[in-house]
Amino acid sequence: MPSQTTAASTAVTAPGATAAPDCADRAGVSQPPEHADEVTERTRAWFALHRRDLPWRDPHAGAWAVMVSEFMLQQTPVARVLPVYESWVARWPEPSALAAEEPGEAVRAWGRLGYPRRALRLHAAATSIVQRHGGQVPDDYEALRALPGVGEYTAAAIASFAFGRRAAVLDTNVRRVLARVFSGVEFPADSLTAAERALATALLPSAQRDAAAWAAASMELGALLCTAKTPDCARCPITELCAWHRLGRPPHDGPPRRGQIYAGTDRQARGRLLAVLRESRSPVGKPALDAVWHAAEQRERALAGLLADGLAVELRDGTYRLP
DNA sequence: GAGGCGTGGAA
DNA sequence: TTTCCAAGCCT
């Protein structure tokens, strides 16, 4: 997102608003903004009619399946996640099955989803679940948050989607929706602010069931209609309640976000090297790695990075393989 | 808190 | 073709 320091800070937050439980005593309790109930109710009604039938939303999918999907969906589009998700949960239907494998198997099964450290973290999380939670995905936010690879968003998402808990689920979609509806700006700030947490908490319906439905619905609204580039306001259930729409959809006015380059970067080099390891069942020699990236200095830096991250290991004979 | 970390589809 | 980016996390 482009930087926008005032994005959600202008949100309707009552005196001493906030949300995060850990600072509630300092900031007080926020009141929901005008039309909060209408926003959440209309969005939930729309969701009931238009929700995508994704496999991890199957009531029988289970918490582990939800957790796997959330890891895979971090920065990766649904369409690319689907096939990998299916084979993953079929092969490892519960945390203990994955934990019993070498971490390299997780990296291999991750395929080309990108950010392969997520595969390593999911494996580590499964191991932790076996060791500390009896093999069952924990059902409370704090325990989830303590797992490797589970940050604020993912912990709230699992708590809400898998266990129906009342949690403020603030992903990039929800943040964009809230920025537009309540702050009248096109995009939220670069990073999650206290004001956004306060707003999201104030919006949370009091009934657990409604809160969980709102979490899923607001994400879906951002993913399907209130998109970053071409929002479909004509089909949006809350256009009349949307500050950004009312203002004529003013474009983001902050400094433009620097587009991330990829070609020629260390990231691409790492990707090339790891692909060689992933696709080989046996350890590979240095020449095989040298062959896929010409620039020697960068190649060595990338390899060192993979080793440091635990995505690759060097054997005594100087060959390399997945961990 | 800014920056690093993959990938491939869509506009 | 180039640009932009898609349900973040960690240091």
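Residue numbers begin at 1 in each chain, while the letters A, B, ... track the order of the sequences. Note that the coordinates shown come from a computational prediction; the quantities given were computed from them, not determined experimentally.
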Is [X] salt-bridged to [Y], cutoff N-O under 4.0 Å?
X: A:R145; Y: A:E152; value: no
X: A:R166; Y: A:D210; value: no
X: A:E102; Y: A:R108; value: no
X: A:E186; Y: A:R249; value: no
X: A:R299; Y: A:D290; value: yes

For the pair made of [atom1] in [X] and [atom2] in [N], what is the distance, rounded to whole Å?
X: A:M219; N: C:dG8; atom1: CE; atom2: P; value: 7 Å
X: A:M72; N: B:dG6; atom1: CE; atom2: C1'; value: 15 Å
X: A:R176; N: C:dC5; atom1: CZ; atom2: C1'; value: 11 Å
X: A:Y115; N: C:dC5; atom1: OH; atom2: P; value: 13 Å
X: A:L73; N: C:dA7; atom1: CG; atom2: C1'; value: 5 Å
X: A:R175; N: C:dA6; atom1: CZ; atom2: C1'; value: 15 Å
X: A:R267; N: C:dG8; atom1: CZ; atom2: P; value: 14 Å
X: A:D309; N: C:dT11; atom1: CG; atom2: C1'; value: 11 Å

Interatomic distance at [atom1], [N] relative to [M], whole Å:
N: B:dG9; M: C:dC9; atom1: C1'; answer: 24 Å
N: C:dA6; M: B:dC5; atom1: C1'; answer: 15 Å
N: B:dA11; M: C:dA7; atom1: P; answer: 15 Å
N: B:dG6; M: C:dT11; atom1: P; answer: 14 Å

Report task. Find which nucleotide of DNA chain C each of A:F161 and A:P148 is nearest to by heavy atoms, and output the residue with the more 5' nucleotide. Result -> A:F161

Sugar-phosphate, base or nothing in reach of [X], heavy atoms under 4.0 Å:
X: A:S69; answer: nothing
X: A:L274; answer: nothing
X: A:L54; answer: base
X: A:W56; answer: base

What's the closest nucleotide to the side chain of [X] if the choices are [options]?
X: A:E70; options: C:dG8, B:dC5, C:dA7; answer: C:dA7
X: A:V78; options: B:dC5, C:dG8, C:dA7; answer: C:dA7
X: A:Q74; options: C:dC9, C:dA7, B:dG6; answer: C:dC9
X: A:A228; options: C:dA6, C:dA7, B:dG6; answer: C:dA6
X: A:R145; options: C:dC10, C:dA7, B:dG6; answer: C:dC10
X: A:T76; options: C:dG8, B:dG6, C:dA7; answer: B:dG6
X: A:R52; options: B:dT7, C:dA7, C:dG8; answer: C:dA7

Are there any protein N/O atoms within less than 3.5 Å of an N/O atom in nucleotides 8-11 of chain B, and if so, which ones and at what distance?
from: B:dG8; atom 1: OP1; to: A:R112; atom 2: NE; distance (Å): 2.3
from: B:dG8; atom 1: OP2; to: A:R112; atom 2: NH2; distance (Å): 3.4

Query raised in the report: Would you say C:dA7 has OP1 or OP2 under 4.0 Å from some side-chain N or O of A:R118?
Result: no

Query raised in the report: Less than 6.0 Å separating the ring centroids of A:W110 and A:W88?
Result: yes

**Report entry** Test log, rule side chain to side chain donor-acceptor pair (under 3.5 Å), inputs A:R321 and A:S282
**Finding:** CA-CA 7 Å; A:R321 65 168 174 79; A:S282 53; over 6 Å; no

Query raised in the report: More than 12 foreign heavy atoms under 6.0 Å from CZ of A:R91: is that the case here?
Result: yes

Query raised in the report: Are A:I158 and A:M72 connected, step by step, through hydrophobic side chains (Ile, Leu, Val, Met, Phe, Trp, Tyr) whose heavy atoms are closer than 4.5 Å?
Result: yes

Query raised in the report: Of A:Q268 and A:S191, whose closest DNA chain B nucleotide lies nearer the 5' terminus?
Result: A:S191

